[in-house]
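Report on the structure given below.
Just so you know, these numbers use all the heavy atoms, side chains as well, and skip hydrogens, waters and symmetry mates. Sequence lines set the chain letters: A, B, ... in the order given, protein chains first and strands last, and positions in each chain run from 1.
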Protein chains: 2
Amino acid sequence: MKRTSLGRVECPVARALDEIGDWWSLLIIRDAFDGMRRFSEFQKSLGISKGILTARLKHLVAIDVLQTAPISDEGGYQEYVLTKKGRDLFLVTVSLRQWAEDHCFGKTERRSTLMETASGKRVPRLALQGRDGKELDSSMTFVRKAADLDDSRAPRKAGVLRTAER
Amino acid sequence: MKRTSLGRVECPVARALDEIGDWWSLLIIRDAFDGMRRFSEFQKSLGISKGILTARLKHLVAIDVLQTAPISDEGGYQEYVLTKKGRDLFLVTVSLRQWAEDHCFGKTERRSTLMETASGKRVPRLALQGRDGKELDSSMTFVRKAADLDDSRAPRKAGVLRTAER
DNA sequence: CCGTATCCATTCCGATACTG
DNA sequence: CAGTATCGGAATGGATACGG
């Protein structure tokens, strides 16, 4: 039996994962942000098998995250280039990167770093600002279901979240 | 043969995906942000099979994204609660959500919405600000490899990115 | 209610060989 | 170089039955 499809649910998080939530897609996209465009570049960088890479590239092209373009000086081959939809995944990769920097490395382990070209310094932290300009965290938000769309009155689910201290 | 492990690579994006990059983990975490804590709540919400849910919850506890706590009024059962590491995934879910809102829904399709409790309005857009206060996109950044850490001089890879117009 | 155990189909993925 | 084809092992995931 096939995996349950998340393509038509109302939650945007689920839809995103349905499109790019597999093990390889975001890594391919990361490499594309890093300037890679050719089959062999991806394959070498990722250590992925050719068959899987072919399948993933096809999928990413199909959902318009990547776009193929002919390589002019070479015989009939394609290169894979990010579309607008693909470039818009930038903040996704940044959020993952910053989370992992905080939680997935030992003190002494070295890691690659995202740098700002203009200043030559590290890219600042991502932050979600509320309407009042202060930073929002999850406890200050709630999800309104699509069905409640017409109900412009307030948050039934606010304050529901209970989490561990640490 | 097993899947290549990404647990020890130097790229934080890869490490993040190694820990939470499977099909279900971020959906479980999304539900946890939504206030769910019990096995049956997750199972019902996700339509996931019990065996897989068990495996995923165990994994998330093992990597300290979720934490178990006894349910006081009930016999010996556990509830699953986000840790700090888990709560810090908030921006990851927000970035995925906003991307999918932009690119994965038809004009007329309804979707759930992340709301700000205080104002009762939609959560603003996530944005990455550069040092100068202006918004950064991928073309204004580059990745410095760990090996280049001591080389504090500038960007060799800046401007390498080529993308499609659309 | 909260899982565990088992079964089975599908999918994933790496390895390799092959083609233009 | 850029794939395609095929193989086989491993993991995924749904369904169901069972136990505490």
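In this structure, of D:dG3, D:dG14, C:dG3, it is D:dG3 that holds the atom nearest to the side chain of A:Phe39. Listed candidates were C:dC12, D:dC1, C:dC1. Nearest to the side chain of A:Ile52 is C:dC12. Closest to the A:Thr54 side chain, of the nucleotides D:dG14, D:dT4, C:dG3, is D:dT4. Looking at the side chain of B:Arg56, the nearest of the listed nucleotides D:dT12, D:dG14, C:dG14 is D:dT12. Taking the side chain of B:Lys50 as heavy atoms from C-beta on, and the options C:dT4, C:dC12, D:dT12, the nearest nucleotide is C:dT4.
A sub-4.0 Å separation between OP1 or OP2 of D:dA11 and a side-chain N or O of B:Trp23 is absent. For the pair B:Arg38 and C:dC2, the criterion of a side-chain N or O lying under 4.0 Å from OP1 or OP2 is met. Phosphate contact (OP1/OP2 of C:dG14, side-chain N/O of B:Thr4, threshold under 4.0 Å): present.
Following rounding to the nearest Å, B:Met36 (CE) and C:dC1 (C1') show an atom-to-atom distance of 17 Å. The CD1 atom of A:Ile28 sits 10 Å away from the P atom of C:dC13 (whole-angstrom rounding). Between the CG atom of A:Leu53 and the P atom of D:dC1 there is a distance of 14 Å, given to the nearest Å. Whole-Å rounding puts the A:Phe42 CZ to D:dC1 C1' distance at 15 Å. The separation between A:Ile48 atom CD1 and C:dT16 atom P is 17 Å, rounded to whole Å. In this structure, B:Asp22 places its CG atom 13 Å from P of C:dC12, rounding to the nearest Å. Atom P of nucleotide D:dT16 and atom CD of B:Gln43 are separated by 12 Å, given to the nearest angstrom. Computed from coordinates, the A:Trp24 CH2 to C:dC13 C1' distance equals 9 Å when rounded to whole Å.
On a pure distance criterion of 3.5 Å, a polar donor-acceptor pair joins the side chain of A:Tyr77 and the base of D:dC1. Judged by atom type and distance alone, B:Ser49 does not reach the base of D:dG13 through any side-chain donor-acceptor pair under 3.5 Å.
Between A:Leu57 and A:Gln78 the shortest side-chain heavy-atom distance does not fall below 4.5 Å.
The closest donor-acceptor contact from the side chain of A:Arg15 to the backbone of A:Val9 lies under 3.5 Å. Formation of a donor-acceptor pair under 3.5 Å by the B:Glu109 side chain with backbone atoms of A:Glu10 is not found in this model. Put simply, the side chain of A:Gln129 never gets that close to the backbone of B:Pro124: no donor and acceptor are under 3.5 Å apart.
Between B:Asp31 and B:Arg38 there is no salt bridge, since none of the side-chain N atoms of the basic residue sits less than 4.0 Å from a carboxylate O of the acidic one.
Within the nucleic acid shown, A:Lys44 has no heavy atom closer than 4.0 Å to any nucleic acid atom. B:Ser40 comes within contact range of the sugar-phosphate backbone alone, with a heavy-atom separation under 4.0 Å but no base atom that close.
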